[in-house]
Amino acid sequence: MVINGVLCYNILTGGDYMMDSIKMLRIRYENIRLFHEGRFEFSFMAEDRVSDPTQVFQLRKNLYTQKLIALAGINASGKTSALKLIYLALSILLERRSLNEISYGKEFLQDGTRIILHFCYRDMRYELRSVIGKTKSSHMELYFNEEFLFTKTLASMKSKKDILHFDDIQPMMRRSKLPSATLDFLKNDDSMITGIIRSLPPSLYSLINAASINFLRQRGSSPTEILNVFDPTLDELTASGSNDDVTYTVKFKNDPRPISSTNVWRINNLVSSGTIKGQNIMMLVESVLQTGGYLIIDELENHMNKELVRMITDIFKNERINKHGACLIFSTHYAEILDFMDRKDNIYITRRNQTDASIELLNYASEVKRNDVKKSDVILSNYIEGTAPSYESIQALEDYLCSKMG
């Protein structure tokens, strides 16, 4: 418990490891750089009616979270930036990472940025409000200026709209009210949630930095069942050794001679980028399914056949495999992939505001009410303005090329 502001560990975990995991409900940023009106809001909940419970993960009656969430948009519309902000928020909560150590997203924070996280664990729901500070030093280090933690039971939720309502109660913990002895053990860039959530299994995985160039990340041999889905001619793909001294081995079917090398570029010339990306993805998929966590992939379709993308998304939709509500969050350039999505409320559109070029994040279900039109047709037709290149820009390009032809 927290008595008079004193931290007591394992409030959420009860001190024992359990398979059930934290489930995100919503991420909200205020006073955030580059985003329209300084706001960013991303929901993990099923907002629309649930007609098929297998498409989502049920937390309790009338409360479901998504198993798949897609971000779609044209080039330079802000998809990767949105993924980085999602990763930042999840890193604070799920990995208990220090602000200045998080790989992505912190570049969008500024002095006075507010981060509001809503999440559930077991029979409780929580709201963590954090106010970010930024020093004037040459390093421009970030720190938590203030934090509030609110909690209610899930049983007290009278309706789905009530799940995010905490304004009627006092915080169970406030950073500035913690005893100085407690603050001495808490770094300035560590959230106070660090002292509360300590013994949960790893549940956040990311391939944000692997959109274009792929190197085999796993150690050991790829299972044949995974390897042959991506390349049926391969018999073995193994990486052994430490990060500084890795030996790669490739063996093709009907060829008794394995090929070994410490040169990663040689292996990349032997094995396709799609196969390597597939092994990296499936390694993380297996881990995230076991913990019911979150996997973030930028440009899922890169180097991948469309049916392989469908296979990956279908794994997360399969209730026999995805028993703990793991969630795949991915970005894509290709609208056709959205047709694999059974729902509308798990699709986000990124676009640039025409007035100030800031990034807007729109929920597809809020923009399109009809269910009888293919999602790809909606996107490619520019029905949601800003989701396809304008006719004028395409015409201008063609005119320019014509002028160069003489």
Quick one: are Asp298 and Leu83 in side-chain contact, heavy atoms under 4.5 Å? yes
Tyr348: which of Phe40, Tyr364, Phe42 passes ring-ring contact (aromatic ring centres under 6.0 Å, His included): Phe42
Please say whether more than 12 non-hydrogen atoms of neighbouring residues, nucleotides or ligands are located less than 6.0 Å from CD in Glu307. yes
Applying ring-ring contact (aromatic ring centres under 6.0 Å, His included) to Tyr104 and not counting sequence neighbours gives Tyr87
Counting only heavy atoms not in Lys306, do more than 12 fall under 6.0 Å of its NZ? no
Taking the six-membered ring where the residue is Trp, are the ring centres of Phe44 and Tyr294 under 6.0 Å apart? yes
Contacts of Asp167 meeting side-chain contact (heavy atoms from CB on, under 4.5 Å) (sequence neighbours excluded), chain-then-number -> Arg129, His165
Could you check whether atom CD of Glu286 has more than 12 heavy atoms from other residues, nucleotides or ligands sitting under 6.0 Å from it? no
In this structure, are over 12 heavy atoms from other groups packed under 6.0 Å from Tyr334 atom OH? no
Going by the angle between their ring planes, with limits at 30° and 60°, are Phe35 and Phe108 parallel, tilted or perpendicular? perpendicular
Quick one: do the Gln66 and Asp345 side chains pair a donor with an acceptor below 3.5 Å? yes
Check whether any side-chain heavy atom of Tyr29 sits under 4.5 Å from a side-chain heavy atom of Leu88, and report yes or no. yes
Taking atom CG of Leu289 and atom NZ of Lys323, what is their separation to the nearest 0.5 Å? 11.0 Å
Is there a side-chain contact between Phe144 and Arg175, using heavy atoms and a 4.5 Å cut-off? yes
Within a 6.0 Å radius of atom CD on Gln395, are there more than 12 heavy atoms belonging to other residues, nucleotides or ligands? yes
Asn254 CG: over 12 foreign heavy atoms closer than 6.0 Å: no
Stacked cation flag Arg125 on Phe166, 6.0 angstrom / 45 deg: yes
